[in-house]
Amino acid sequence: METDSYILVIGGTNMDLGARTLVPLTPRDSLPGMITKTPGGVGRNIAVTLAQLGHRVVMLTAVGDDAEGFELLELGREAGLDLSHARILEGVPTSMYVYLEDNTGEVQWAVCDASASDRIDRQYLAQNADLIRGASAVLLDTNPPADAIAYAAQIAAEAGVPIFVDPISAAKASKVSSILPLVTVIKPNKWEAQVLYGRPILTLANAEEAVISMLGAGVREVYLTLGGKGVVAGAKGERIMHMPGYAEHLVNTSGCGDSFIAAVIHAHLQGAGMKEKVKAGVAASSISMETKSAVNPALTAENLQKRMEII
Ligand SMILES: Nc1ncnc2c1ncn2[C@@H]1O[C@H](COP(=O)(O)OP(=O)(O)OP(=O)(O)O)[C@@H](O)[C@H]1O
Ligand SMILES: [Mg+2]
């Protein structure tokens, strides 16, 4: 790897604040329980995983000038991210995801304040256009506004920088509909793919049709992940393939998709073909699910390689 090359991640950073009760939920009462605060955001999870895989990672993101914002910047730097270009917003709260789990661990409600991510806007990205042009790869999540995503994709495409997209949720997936012809790799899950495809995905055959439709729209490679059912992948000039999920020790699958696309980027930069990238994604997800947190610190290049050899 060239020492001055870097991957640019453009996307969300947030603080996840979770509460879990020790007793069944009852309204209008103060209940005993546990409260946890963990850094999150799809862009951030992918960025941290890429750093663990040995890459230099620069992130364009936004936080508020509050305690959570400074904590996220500090934790990100400790994780090896270059956050020197991150936007610190005056008077805007850091994006937060607050959720409440009952005593069985089921999420009963969740609230997301993403006002800071709305400020990963076109003007901020324009100020950092040279950083986009100089990257070896750009990863876009769908937290920024749609016009900002389109702007970044245009700049990257004009400079010949490969563009990787994680559509992050069904609600936000349509933000990338218009840039599909510019996209090198997209990794939607089933719900996001349904939005981009415009039809329900009920079977593997439907998933294949969705992949073909996205390739038809101009995406070079599609990795449609289907939770435990694995992934259906397609690339221009290659046969569609399916690989089932692999699990050795399943603790928590949240973040599996983030580690999947991080591993695909890692493999892509090493010159891997589609089959190898599928394997890297499935292997990375199987490591990711072994901890409760979205990013497993054990997901290193060495451990990824070892897991790829056994699946
Ligand atoms: N229950 C499971 N058993 C085995 N593998 C799984 C399971 N859930 C997820 N995976 C693996 O993780 C990959 C990505 O999962 P999924 O389709 O759930 O992504 P996602 O919805 O984007 O996840 P997230 O956004 O929470 O990171 C799958 O392709 C599969 O390889
Ligand atoms: Mg996902």
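Note that ligands are numbered from 1 as they come in the structure, with each ligand's atoms numbered from 1 the same way. Residue numbers count from 1 along this sequence. Basis for what follows: all heavy atoms, side chains included, without hydrogens, waters or symmetry-related copies. Note that this is a predicted model, so its numbers are computed, not measured.
Under 4.0 angstrom from ligand 1, the non-hydrogen atoms of L226 all belong to its backbone.
Listed by number with element, the atoms of ligand 1 under 4.0 Å from a non-hydrogen atom of T253 are 1 (N), 7 (C), 8 (N). Per-residue contacts place K187 under 4.0 angstrom from the following atoms of ligand 1 (heavy atoms of the residue considered): 19 (O), 22 (O). Those atoms of ligand 1 that come under 4.0 Å of a heavy atom in S254, given as number and element, are 26 (O).
Pairing each heavy atom of T184 with each of R220, the nearest pair is O-CB, 3.2 Å. Of all non-hydrogen atoms in A156 and V138, the two that sit nearest each other are CB-CG2, 4.3 Å.
The aromatic rings of F260 and Y223 sit tilted relative to each other, their planes meeting at an angle between 30° and 60°.
T21 contributes no side-chain N or O that, together with a main-chain N or O of P24, makes up a donor-acceptor pair within less than 3.5 Å.
Note: an N/O pair closer than 3.5 Å links T225 and ligand 1 by distance alone. The shortest N or O to N or O distance between V231 and ligand 1 is not below 3.5 Å. At a 3.5 angstrom cut-off on N or O pairs, A247 does not count as close to ligand 1.
The protein atom (non-hydrogen) at minimum distance from atom 11 (C) of ligand 1 is S285 CB, 3.6 Å. For atom 25 (O) of ligand 1, the closest non-hydrogen atom of the protein is D258 OD1, 3.9 Å. At the shortest separation from atom 23 (O) of ligand 1 among protein heavy atoms lies G257 N, 3.3 Å. At the top of the distance list for atom 1 (N) of ligand 1, counting protein heavy atoms only, stands L250 CD1, 3.6 Å. The nearest protein atom to atom 21 (O) of ligand 1, hydrogens excluded, is given as N189 ND2, 2.9 Å; this is a heavy-atom distance. Considering only non-hydrogen protein atoms, atom 29 (O) of ligand 1 sits nearest to G230 O, 2.9 Å.
In this structure, the side chains of M241 and V232 stay at 4.5 Å or more apart for every pair of heavy atoms.
In this comparison of E192, K190, M289, the heavy atom closest to atom 6 (C) of ligand 1 sits on M289. Remark: among candidates P244, G227, S288, S259, the nearest residue to atom 18 (O) of ligand 1 is G227, based on non-hydrogen atoms. When the options G255, C256, G245, G228 are ranked by their closest heavy atom to atom 31 (O) of ligand 1, first place goes to G245.
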Can D82 and R77 be said to form a salt bridge (charged side-chain N to carboxylate O under 4.0 Å, His left out), step by step? CA-CA 6 Å; D82 179 345; R77 286 188 196 110; over 6 Å; no
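A salt bridge does not link E238 to K275: none of the charged side-chain nitrogens sits closer than 4.0 Å to a carboxylate oxygen.
For the atom pair CD1 of I88 and CZ of R119, the computed distance is 13.0 Å after rounding to the nearest 0.5 Å. For the atom pair CG of L60 and OG1 of T13, the computed distance is 10.5 Å after rounding to the nearest 0.5 Å. The distance from atom CD1 of I168 to atom OG1 of T142, rounded to the nearest 0.5 Å, is 3.5 Å.
Look at K229 and you'll find every heavy atom at least 4.0 Å from all atoms of ligand 1.
Every residue two or more places apart in sequence or in another chain that forms a side-chain contact (heavy atoms from CB on, under 4.5 Å) with K37 is listed here: M15, L17, E68, E71.
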